[in-house]
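Worksheet: the structure to be examined is printed underneath.
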Amino acid sequence: MDEPAGLRLRAQGLLFDLDGVLVDSTAAVIEVWTRYAERHGLDPEQVLPQVHGRPAVETIRALTPHVDLDAESRRLEDAEVALAEAAEALPGAGRVLAALPPGSWTVATSGTRRLATTRLRATGLPVPASLVTADDVTRGKPDPEPYALAAERLGVDPRRAVVFEDTPAGIAAGLAAGAEVLAVATTFPPQALAAARAVLESLAALEVVAEPGGALLLRA
């Protein structure tokens, strides 16, 4: 893993995870999934590490395969949407997105479209037209499908894209799609993100310059 100091990359498109990269929704996630764990007689401390970076439906299927999957998913989504106003933009997110030309970036999240758009609007961040959510894919992270689809919708070869992630599952998805991956240590400690090209404290450490011809220069 390279040190972030002195990092220089060029890309044709940027693919961002949402929660933990652009948006801080930690309080809502903890509250909703703690309720879920208690409702099903599970230890919240065992459940919470499993919810980051993958679709809720996969976590539910793994932990409580006996429940009505659709009903439980809707219940969790409704609870998180109700708490979306508490979400905040993470440091650097607004500045970085404002520096990017239209059509040069998008979001690929394990959350639903409804939840993702609600959180983006609640934090004042833009909603990209090509947003990829759990509603758009058949296999969630760590499968490469979310990032492969996000790059396709931007019209960019994944090998010329940079993914921003905060979880090991998301990093694995970005790498499997063929992209460079930069991590932010907002959810997991840096050592858990060592597969990424570099680990930043947050997007506040990143500078993006749009170059003539459409390339994006990333410096940290």
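All values reported here derive from a predicted model rather than from experimental measurement. Side chains are part of it too, since the values below use all heavy atoms of this structure and drop only hydrogens, waters and symmetry mates.
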When rounded to the nearest 0.5 angstrom, what distance separates [atom1] in [X] from [atom2] in [Y]?
| X | Y | atom1 | atom2 | value |
| --- | --- | --- | --- | --- |
| D24 | D166 | CG | CG | 10.0 Å |
| L63 | E58 | CG | CD | 11.5 Å |
| L115 | S110 | CG | OG | 11.0 Å |
| I60 | Q50 | CD1 | CD | 12.5 Å |
| S104 | L216 | OG | CG | 5.0 Å |
| S202 | L90 | OG | CG | 7.5 Å |

Practice problem: Identify, with sequence neighbours excluded, every residue that meets ring pair (Phe, Tyr, Trp, His ring centres under 6.0 Å) alongside W33. | Solution: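 Partners of W33 by the ring pair (Phe, Tyr, Trp, His ring centres under 6.0 Å) criterion, ordered by chain and then number, come out as Y36.
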Would you call [X] and [Y] a side-chain contact if the rule is heavy atoms closer than 4.5 Å?
| X | Y | answer |
| --- | --- | --- |
| L120 | P128 | yes |
| V81 | E77 | yes |
| T106 | L15 | yes |
| P126 | L97 | yes |
| P91 | L203 | no |
| V162 | L182 | yes |
| L125 | L22 | yes |
| V127 | R121 | yes |

Say whether, by atom type as modelled, one donor and one acceptor occur between the side chain of [X] and the main chain of [Y] under 3.5 angstrom.
| X | Y | value |
| --- | --- | --- |
| R139 | E145 | no |
| R74 | L69 | no |
| D136 | T133 | yes |

Any carboxylate oxygen within less than 4.0 angstrom of a Lys/Arg side-chain nitrogen, looking at [X] and [Y]?
| X | Y | value |
| --- | --- | --- |
| R119 | E80 | yes |
| R75 | D70 | no |
| R114 | D78 | yes |

Quiz item: Using 30° and 60° as the class limits, which term best fits the ring planes of F16 and W105: parallel, tilted or perpendicular?
Solution: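 It falls in the perpendicular class, over 60°.
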Exercise. Answer yes if the side chains of T112 and D135 hold a donor-acceptor pair under 3.5 Å, and no otherwise.
Key: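 Their side chains do not contain a donor-acceptor pair, so the 3.5 Å distance test is not met.
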Is it true that atom [atom1] of [X] has more than 12 heavy atoms of other residues, nucleotides or ligands lying nearer than 6.0 Å?
| X | atom1 | value |
| --- | --- | --- |
| E72 | CD | yes |
| R160 | CZ | no |
| R39 | CZ | yes |

Quiz item: Does S73 have any side-chain hydrogen bond (donor to acceptor under 3.5 Å, both in side chains) partners at least two apart in sequence or in another chain, and if so, which?
Solution: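 side-chain hydrogen bond (donor to acceptor under 3.5 Å, both in side chains) list for S73, sorted by chain: empty.
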Exercise. For T123, enumerate each residue passing the side-chain hydrogen bond (donor to acceptor under 3.5 Å, both in side chains) test, keeping only those at least two apart in sequence or located in another chain.
Key: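 Here no residue qualifies.
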Can you hop from [X] to [Y] via hydrophobic side chains spaced under 4.5 Å?
| X | Y | result |
| --- | --- | --- |
| V181 | V132 | no |
| L200 | V208 | yes |
| L217 | L100 | no |

Quiz item: Between T109, D17, T167, which is the residue that forms a side-chain hydrogen bond (donor to acceptor under 3.5 Å, both in side chains) with K141?
Solution: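 Looking at T109, D17, T167, the match for K141 under the side-chain hydrogen bond (donor to acceptor under 3.5 Å, both in side chains) is D17.
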Exercise. Could you check R10 against E211 for salt bridge (Lys or Arg N to Asp or Glu O under 4.0 Å), going step by step and ending with a plain yes or no?
Key: CA-CA 9 Å; R10 279 185 171 82; E211 298 184 318; 2.9 Å; yes
Quiz item: Do L7 and R219 pass the side-chain contact (heavy atoms from CB on, under 4.5 Å) test, and can you show the C-alpha distance, the side-chain angles, and the key distance before you say yes or no?
Solution: CA-CA 5 Å; L7 176 74; R219 294 191 292 236; over 6 Å; no
Quiz item: Passes side-chain contact (heavy atoms from CB on, under 4.5 Å), T117 versus L131? Steps please.
Solution: CA-CA 9 Å; T117 55; L131 177 71; 3.8 Å; yes
Practice problem: Take L83 and V32, measure what side-chain contact (heavy atoms from CB on, under 4.5 Å) needs, and give me the verdict at the end. | Solution: CA-CA 9 Å; L83 295 171; V32 169; 3.8 Å; yes
